[in-house]
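Encoded as structure tokens, the structure appears first; notes follow it.
When reading the values below, keep in mind they use all heavy atoms of this one structure, side chains included, and skip hydrogens, waters and symmetry mates.
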Amino acid sequence: MSYISRILAPRIVSQLTSARIGLLLLVGLAALGVAFLVAPTPAAASDRADGEINVPQVQASPQLDGLCDTSREYGTARRLSFAQDTAYLLHDGAALWICLDDLPDTLTNATALVRLDFDLGRLNPIQPDDLVLEVTHTGSTRTLAGNGAGGLVATDAGYGRWDARYIEQRAQRSAEFRLDVGWIGGVERLVGLSLGSETNQRRDIWPAGASPTSPTTWGRVILEGDGQPRTFSGQITYQARNGSVHPAPNVGVALIGNNRAGREVRVALAQTDAQGNYTLTSTDGYVTHRVELDPRTLPRGYQSLVAGAGAAGT
């Protein structure tokens, strides 16, 4: 997929093609001799209950060992922070992997939990089809279901469809869960989710302020698509006031993915070569994309003002 972006003076619209890449509106202020230094900033993942969290797909599956290795297995995972804990989420198409790190001291009877509202019914209090998956610091696991009255009862639901490990290594405590993707509804389907850890002294929960027995306060997650590699290429040029066209070298180019809730993530970065050419490769699962140019790297006097969605294949 290729396209050409041209920066005019004093104003241009640059048409991009394929994969719903969209439009870039640029304005030239060359006469002022001013270079604007405002970097494009994609929206961060929400950790509120009314937000939608996209879980990225990876090609290599983690090993279920209880470790949240961000230098390898969880390097591209979605990261969520709550209280003193950190959670990492990703999936490989067959399993959803959730790793909870920085958990409380195991001497305090610590438990790590994953709460699921499979059909996103969001009914309070927790219902019989809403499940709580637990693993304790001793390594024991169990599944609980709501009783419709705010309590929990043990259940065999999900037997063989999930597993977990809890580990303490050099005073670092973490718990790792593996859930069957088919069991939770498959890829690109919204599921209610809450995460947490509990001890005799404290209870940490995500989303912040959520109630463990009230699915209406839980978050929503969606597993991204198959993440097949895609490549976008193009050229950035600019038009001087005398009408001459020149390549724009060393311009930063970002590919922005957009999820169904309107939240955005930067999925690929590139820089133009001496002829203004660039190539962006991404394995994300987002349906719509757009391209942003880094204003700090544009020819002096030009700034990226607006990026809007365009039609596919135009």
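If you take CG on Asp204 and CG on Asp85, they are separated by 4.0 Å, rounding to the nearest 0.5 Å. The distance from atom CD1 of Ile167 to atom CG of Leu103, rounded to the nearest 0.5 Å, is 11.5 Å. To the nearest 0.5 Å, atoms OG1 (Thr281) and CZ (Phe232) are separated by 9.0 Å. A distance of 9.5 Å separates CG of Asp119 from CD of Gln127, quoted to the nearest 0.5 Å.
Other residues, nucleotides and ligands place more than 12 heavy atoms under 6.0 Å from the CD atom of Gln271. Residue Arg203 qualifies as open at atom CZ: its count of foreign heavy atoms under 6.0 Å is 12 or below.
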Test Arg122 against Asp130 for salt bridge (Lys or Arg N to Asp or Glu O under 4.0 Å), laying out the working first. CA-CA 9 Å; Arg122 300 178 73 81; Asp130 301 325; over 6 Å; no
Apply salt bridge (Lys or Arg N to Asp or Glu O under 4.0 Å) to Asp163 and Arg165, showing your working. CA-CA 7 Å; Asp163 200 357; Arg165 297 287 185 275; 3.1 Å; yes
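Between His137 and Tyr166, the ring planes are perpendicular. Angles over 60° get that label, and only those under 30° would be called parallel.
Between His91 and Leu96, the shortest heavy-atom distance links the atoms CB-CA, 4.0 Å.
Here Arg178 does not pair with Glu73 in a salt bridge; the nearest charged N to carboxylate O distance is not below 4.0 Å.
Between the side chains of Arg142 and Ser140, no donor N or O sits under 3.5 Å from an acceptor N or O. Asn250 and Thr297 share no side-chain donor-acceptor pair at under 3.5 Å. With no hydrogens or angles considered, a side-chain donor-acceptor pair links Thr138 and Thr136 at under 3.5 Å. Side-chain contact, Thr141 with Trp162: no donor N or O sits under 3.5 Å from an acceptor N or O. In this structure, a donor-acceptor pair under 3.5 Å is absent between the side chains of Glu198 and Asn109. Under the 3.5 Å distance criterion, with hydrogens and angles disregarded, a donor-acceptor pair is assigned to the side chains of Asp92 and Trp97. Side-chain contact of Thr86 with Asp101: a donor-acceptor pair under 3.5 Å is absent, judged by distance alone.
Side-chain contact check for Cys68 versus Glu176: every heavy-atom pair is 4.5 Å or farther apart. Residues Val253 and Leu280 meet the side-chain proximity criterion, which asks for heavy atoms closer than 4.5 Å. In this structure the side chain of Leu152 never reaches within 4.5 angstrom of the side chain of Asn147, judged on heavy atoms.
Within the 6.0 Å centre-distance limit, the rings of Phe118 and Trp183 are counted as a close aromatic pair.
Using modelled atom types, one side-chain atom of Ser194 and one backbone atom of Trp206 make a donor-acceptor pair closer than 3.5 Å.
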